[in-house]
Structures are given as structure tokens and as C-alpha cells.
Amino acid sequence: RREQAAGRDQRALDLYNEAVVLDPDNVDALEGRRMVGERTGMRTDGSALGSREEQRLRRIQQETTYRFDNALNTARQRIAAGTPDDFRAARVAIDQARLARSSNPTAFPPEQLEAWDARIRETELMLAETEGRAAETADAEANRRIQEEILRARRDADAAREATIA
């Protein structure tokens, strides 16, 4: 309304169109757009005025969604591979998803952002659980090898003792 009151009709119209794209039920933006259109003689039904902004917003949403989904898919694939290098790569992919999520937060409804946050937390939990299981498996394998080495050393010592006694 400040732009409209200052006589900057085109800028006011652009801002009203942007507001309508973000919230089609925004009565103030619809009314402001109509008033500026009447004063300037421009068509304000939204078909031509908002279409560029709607297309731009849709492109931003598509690109951001692609980057987010791709990063989380990469993280899940790396987690499934289960090596320490893959776990590090999964952390990087989760950070990329977090970056995509926060790159254009105003282009998405809060519910979408909350759903993405939940997916990031789920993937982080999956990573932590898988890393924990991998560490437990590695520890169990190391313990098994140590026990085998101890048993082998005992057998060798017993055999050496028997050879000494005989």
C-alpha cells in the first residue's frame, strides 16, 4: 500500500501480484491489485499479471524440491552402503538437503518445511542407528579376533611347555 500511496503503481502492482501468488486468498492484495489496475487501466484479473511470478515461484519450488529429494536419496543410499566413507558422504548429503530446505523458505508453506525437517531428522536418525550397528559389528569382530589370538597363544604355550617337559 505504501508503493500505491506513493504513486509507484507498477511496483505496487508487482508486490500485490507476488502477495496473491503466495496467498491467493489475501483479500488486501486482491483489492489493492484491483484498485491499482482500475487507476492505471491495466487488466487485473491475474491471468497475465501473476503468471510470470507464478511460473518463477513454481520453478524455484521445483528446483528446491529436486535438490532436497536428491540429497536425501543420496544420503540414504550412502547409509545403506555402510562403510565409514559412505557415512561421511551421507552426512554431507544431509547437509546439502538442509541447505536446499533453507535456501528459499518463503517459497513453501510452513507445513512443507516442517515435513522436510522431519525427513531430515529421520535420515539423521537412520544414519546414527546404522553407524551404531556398524560400530558394534566391528567391535564384535575385533573381540573375536583377539579371543582367537589368545587361544592360539595358549595352545602354542601349552605345546612349548609339553615339549620342554618331555
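The structure displayed is predicted, hence computed values, not measured ones.
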Gap separating the [atom1] atom of [X] from the [atom2] atom of [Y], nearest 0.5 angstrom:
| X | Y | atom1 | atom2 | value |
| --- | --- | --- | --- | --- |
| T74 | D69 | OG1 | CG | 10.5 Å |
| E162 | I165 | CD | CD1 | 5.5 Å |
| R145 | E148 | CZ | CD | 9.0 Å |
| R98 | T123 | CZ | OG1 | 10.0 Å |
| T130 | R76 | OG1 | CZ | 10.5 Å |
| R91 | R78 | CZ | CZ | 12.5 Å |

Nearest heavy atoms of [X] and [Y], plus distance in Å:
| X | Y | result |
| --- | --- | --- |
| A97 | A71 | N-CB, 3.5 Å |
| L57 | A107 | CD1-CB, 3.5 Å |
| S103 | P105 | C-CD, 3.6 Å |

Subject >> Remaining members of the apolar cluster that contains I120, side-chain heavy atoms under 4.5 Å >> reply: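 Once heavy-atom contacts under 4.5 Å are chained together, I120 belongs with F68, L72, I79, F87, I94, F108, L113, W116, M126, L127.
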**OP:** Show your working on salt bridge (charged side-chain N to carboxylate O under 4.0 Å, His left out) between R121 and E124 and close with a plain yes or no.
**Re:** CA-CA 5 Å; R121 285 190 301 272; E124 288 175 320; over 6 Å; no
Original post:
Would E149 and R152 pass as an ion pair if we require N to O under 4.0 Å?
Top reply: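 The answer is yes: the pair qualifies as a salt bridge.
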Subject >> Check ion pair R155-D158 (N to O, under 4.0 angstrom) >> reply: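 No, no charged N to carboxylate O under 4.0 Å.
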Subject >> Other residues, nucleotides, ligands: >12 heavy atoms within 6.0 Å of R154 CZ >> reply: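 No.
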Original post:
Under 4.5 Å between any side-chain heavy atoms of V92 and R88, yes or no?
Top reply: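 A side-chain contact under 4.5 Å is absent here.
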